[in-house]
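Working notes for the structure below.
The figures here come from the full heavy-atom set of this structure, side chains too, leaving out hydrogens, waters and symmetry mates. The sequence lines fix the lettering, A, B, ..., with proteins before strands; numbering per chain opens at 1.
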There are 2 protein chains.
Amino acid sequence: MASMTSLHAFCASRGDVAKSCRNCGAREFNVCQALDAVQQEKLLALASRLPLAKRDRLFSAGDPARYVYNLTEGMVCLSRSLPDGRRQILGFLLPGDFIGFEADDIHRRDAEALTEAKVCRFERAAFDGFLRDNPDVALRLLQMASGDLEQAARHEVLLGRKTAVERLATFLLDLRDRSGARHLRTHPLALPMTRGEIADYTGLTIETVSRTLRRLKADEVIELVGTGAVRVLDDDRLERLSGST
Amino acid sequence: MASMTSLHAFCASRGDVAKSCRNCGAREFNVCQALDAVQQEKLLALASRLPLAKRDRLFSAGDPARYVYNLTEGMVCLSRSLPDGRRQILGFLLPGDFIGFEADDIHRRDAEALTEAKVCRFERAAFDGFLRDNPDVALRLLQMASGDLEQAARHEVLLGRKTAVERLATFLLDLRDRSGARHLRTHPLALPMTRGEIADYTGLTIETVSRTLRRLKADEVIELVGTGAVRVLDDDRLERLSGST
DNA sequence: GTGACGCTCTGATCCAGATCAAACGCCCTG
DNA sequence: CAGGGCGTTTGATCTGGATCAGAGCGTCAC
């Protein structure tokens with residue numbers, strides 16, 4: 001962890017951030033969305049831009065929560081594990097998503113990059129100060145938090161009340177819709193996570209995930225493109241199989 | 001913080017809401033926690049205090065989200081249902097909890113009182129304006145939202161990865177701890193929800209909930225006080241059975 | 001007091017998905 | 001381009017919790 005941090009510090013120079021902001025693909029979706037030029041300048045002063053390699057940990061449960069992050073490229077997964085190793089993946093984050101706002105000063109989850117990724121990092125204390133001076137940004141963040149709660153509620157329904165097929169259908173549709181909203185490719189749709197990670201997200205086992213995806217493929221609802229992507233062939237049927245609406 | 005005497009003097013000159021504020025049992029935990037006298041007065045002007053009877057609906061999924069609410073007395077449950085009637089209860093809310101902050105203008109869940117209850121109601125637009133003028137209150141709300149997300153994450157782990165015994169043990173400990181933090185009686189601990197509602201919270205069936213609670217009772221980990229309350233007899237064992245930490 | 005309804009409890013059986021086991025395939029690397 | 005390892009797939013069997021069925025039991029209306 002310590003060595004990773006210093007590596008990141010090295011990569012994160014001031015000039016990079018400004019240039020990155022201008023080209024930031026996530027600008028449209030993230031917390032910076034509502035910033036005017038002056039605010040942007042101030043926030044910039046608090047930011048470091050970090051690149052993450054595939055499988056890098058952004059933080060782990062138990063770490064002090066010194067920073068908050070804005071994901072700008074790539075995919076990150078949030079998870080929480082029980083002492084005996086059972087793991088629940090809480091979500092797969094896409095560019096624009098905000099990471100690490102904790103109720104207290106300790107991270108309660110693990111955050112791991114599933115692909116190469118980039119984040120903007122802010123010191124919590126400084127970021128809080130910025131929010132205090134920029135209430136509309138605080139409101140924007142509140143809106144984003146409320147979106148996260150909505151997402152969590154959908155996930156709770158999936159985990160508590162859906163069958164295996166419904167879980168997988170819901171997972172695929174949700175990832176597709178969120179990817180689409182971020183202008184990411186959806187046809188085919190990238191699945192950079194392993195079957196095990198899909199299992200830990202859907203509350204199933206690897207075997208059930210594999211069998212269920214094969215079944216959807218056999219029924220010509222989806223097409224599997226290698227193991228790292230899917231093509232949704234029949235939207236309506238997948239929607240109906242998802243159990244929602 | 002403004003002095004207590006001036007706050008009281010001010011409130012005494014007001015109507016029912018002001019009186020209620022003075023006696024508000026949830027003041028210590030809710031969003032008003034951080035208000036000074038001036039803020040309190042402004043917020044007061046936006047508030048209506050509503051009593052709820054047992055089983056009253058505060059709102060239903062699909063309703064326009066015109067208001068936000070602060071629960072000050074009693075217990076409310078949030079849930080979401082699938083079209084075929086399967087229901088997932090998302091949480092049991094206690095005094096101090098904030099209700100109804102939605103990502104858009106439509107409620108996505110049902111909110112129903114499990115006991116007689118009281119809420120403070122605010123028009124959303126007016127409340128948003130208040131937040132804009134009072135960034136520290138917005139930050140307080142952000143902190144509360146982040147607590148809700150933490151709670152949701154624990155619930156996702158429960159639903160996705162825990163056994164029936166672990167789910168019930170976790171449910172009881174969580175309710176007890178949250179009740180305790182609100183100075184509510186915990187010994188015995190009130191369970192105003194039905195077995196069916198516990199089932200819909202834990203992702204189990206009524207029968208499994210009943211059997212599992214009976215088993216915990218037979219093992220002398222808990223004592224059932226009628227069907228509407230429990231006494232935790234063996235904290236350590238219940239904690240171990242919960243699968244967490 | 002008594003009937004009845006709704007919630008809870010208990011027992012018998014069933015099944016979706018877990019577990020156990022064993023290939024398969026596709027990158028890597030040497 | 002052979003070998004090894006990891007992720008995935010597939011098959012056989014098992015089981016925790018669901019489902020089905022019915023019996024308590026509290027409480028409320030009359």
Side-chain angles (χ1 to χ4, degrees), chain A residues 53-55 77 82 84-89 112 114-115 158-172 190-219 222-230 241 243, chain B residues 53-55 77 82 84-89 112 114-115 158-172 190-219 222-230 241 243:
Chain A
K54 205 167 159 166
R55 298 294 153 194
C77 98
L82 295 174
D84 64 5
R86 282 174 289 173
R87 177 173 70 156
Q88 180 62 48
I89 288 183
E112 180 180 329
L114 297 181
T115 63
L158 179 154
L159 292 170
R161 288 300 182 219
K162 288 192 174 182
T163 65
V165 174
E166 290 170 337
R167 291 178 198 214
L168 267 301
T170 304
F171 161 68
L172 290 175
L191 297 181
M193 66 294 286
T194 66
R195 296 291 185 262
E197 282 156 347
I198 299 177
D200 284 346
Y201 177 78
T202 53
L204 300 168
T205 58
I206 291 179
E207 295 91 328
T208 299
V209 168
S210 177
R211 274 188 256 269
T212 305
L213 287 178
R214 294 274 133 192
R215 177 129 48 98
L216 290 173
K217 177 192 155 93
D219 294 348
I222 62 172
E223 179 186 336
L224 296 171
V225 185
T227 62
V230 251
L241 287 173
Chain B
K54 204 167 161 166
R55 298 294 153 193
C77 98
L82 294 174
D84 64 5
R86 281 174 289 173
R87 179 173 69 157
Q88 179 62 49
I89 289 183
E112 180 180 330
L114 297 179
T115 63
L158 179 154
L159 292 170
R161 289 300 183 216
K162 287 192 174 181
T163 65
V165 174
E166 289 170 338
R167 290 177 198 215
L168 267 301
T170 304
F171 161 68
L172 290 174
L191 298 180
M193 65 293 286
T194 66
R195 296 291 185 263
E197 283 156 346
I198 298 176
D200 283 347
Y201 177 78
T202 53
L204 301 168
T205 58
I206 292 180
E207 295 91 328
T208 300
V209 168
S210 177
R211 274 188 256 270
T212 305
L213 287 178
R214 294 273 135 193
R215 177 130 45 99
L216 289 173
K217 178 192 153 93
D219 293 348
I222 62 173
E223 180 185 335
L224 296 170
V225 184
T227 61
V230 251
L241 286 173

Look at the side chain of B/Glu207 and decide which nucleotide, out of D/dG17, D/dT8, D/dT19, has an atom nearest to it.
D/dT19
Indicate whether OP1 or OP2 belonging to D/dT9 is found under 4.0 Å from a side-chain N or O atom of A/Arg214.
yes
Ignoring hydrogens and geometry, is there a side-chain-to-backbone donor-acceptor pair from B/Arg55 to B/Glu112 under 3.5 Å?
no
So what does B/Arg211 touch, heavy atoms closer than 4.0 Å: a base, only the sugar-phosphate, or nothing?
base
In whole Å, I'd like the distance from the CZ atom of A/Arg86 to the C1' atom of D/dG16.
13 Å
Minimal non-hydrogen separation, A/Leu114 against A/Met193, with atom names
CD1-CB, 3.9 Å
Bend angle of the helix from C/dG1-D/dC30 to C/dG30-D/dC1, end axes from five pairs each (to 10°):
40°
Donor-acceptor check, side chain of B/Arg167 to backbone of B/Leu159, threshold 3.5 angstrom: yes or no?
yes
Could you tell me the separation between the CZ atom of B/Arg161 and the P atom of D/dG16, rounded to a whole number of Å?
17 Å
Main-chain N/O of A/Arg87 paired to B/Arg161 side chain as donor or acceptor, under 3.5 Å:
yes
Counting distance only, does the side-chain N/O of A/Glu223 pair as donor-acceptor with the main-chain N or O of A/Lys217 below 3.5 Å?
no
Atom CZ of B/Arg215 and atom C1' of D/dG16 are separated, to the nearest Å, by 10 Å
On the side chain of B/Glu197, is there an atom forming a donor-acceptor pair with the base of C/dC7 - under 3.5 Å, no angle test?
no
Please report the interatomic distance CG(B/Leu213) to CZ(B/Phe171), rounded to the nearest 0.5 Å.
8.0 Å
side-chain N/O B/Ser210 vs C/dC9 OP1/OP2, d < 4.0 Å
yes
dist A/Asp200:CG -> A/Ile206:CD1 (nearest 0.5 Å) comes out at 8.0 Å
Whole-Å distance, A/Arg195 CZ to C/dC24 P, equals 19 Å
Expressed as a whole number of angstroms, how long is the span from A/Ile206:CD1 to D/dC6:C1'?
11 Å
Give, for atom CD of B/Glu166 and atom CG of A/Leu82, the distance between the pair rounded to the nearest 0.5 Å.
7.0 Å
Counting heavy atoms from C-beta on, name the nucleotide in C/dG17, C/dT19, C/dC9 closest to the side chain of A/Ala164.
C/dG17
Select base, sugar-phosphate, or nothing to describe what B/Gly203 touches, counting heavy atoms under 4.0 Å on all strands.
sugar-phosphate
Check every atom of D/dT9, C/dT8, C/dG17 against the side chain of A/Thr227 and return the nucleotide holding the closest atom.
D/dT9
With the side chain of B/Leu204 defined as its heavy atoms from C-beta on, choose the nearest nucleotide among D/dT9, C/dG17, D/dA18.
D/dA18
Whole-Å distance, B/Asp200 CG to C/dC7 C1', equals 14 Å
Under 4.0 Å, counting only non-hydrogen atoms across every strand here, what does A/Thr194 touch: a base, just sugar-phosphate, or nothing?
sugar-phosphate
Mind calculating the distance between NZ (A/Lys162) and C1' (C/dG17) to the nearest angstrom?
18 Å
What is the separation between atom CD1 on A/Ile198 and atom C1' on D/dT9, rounded to the nearest whole Å?
14 Å
A/Thr205 side chain: which of D/dT9, C/dT8, C/dA18 is closest?
C/dA18
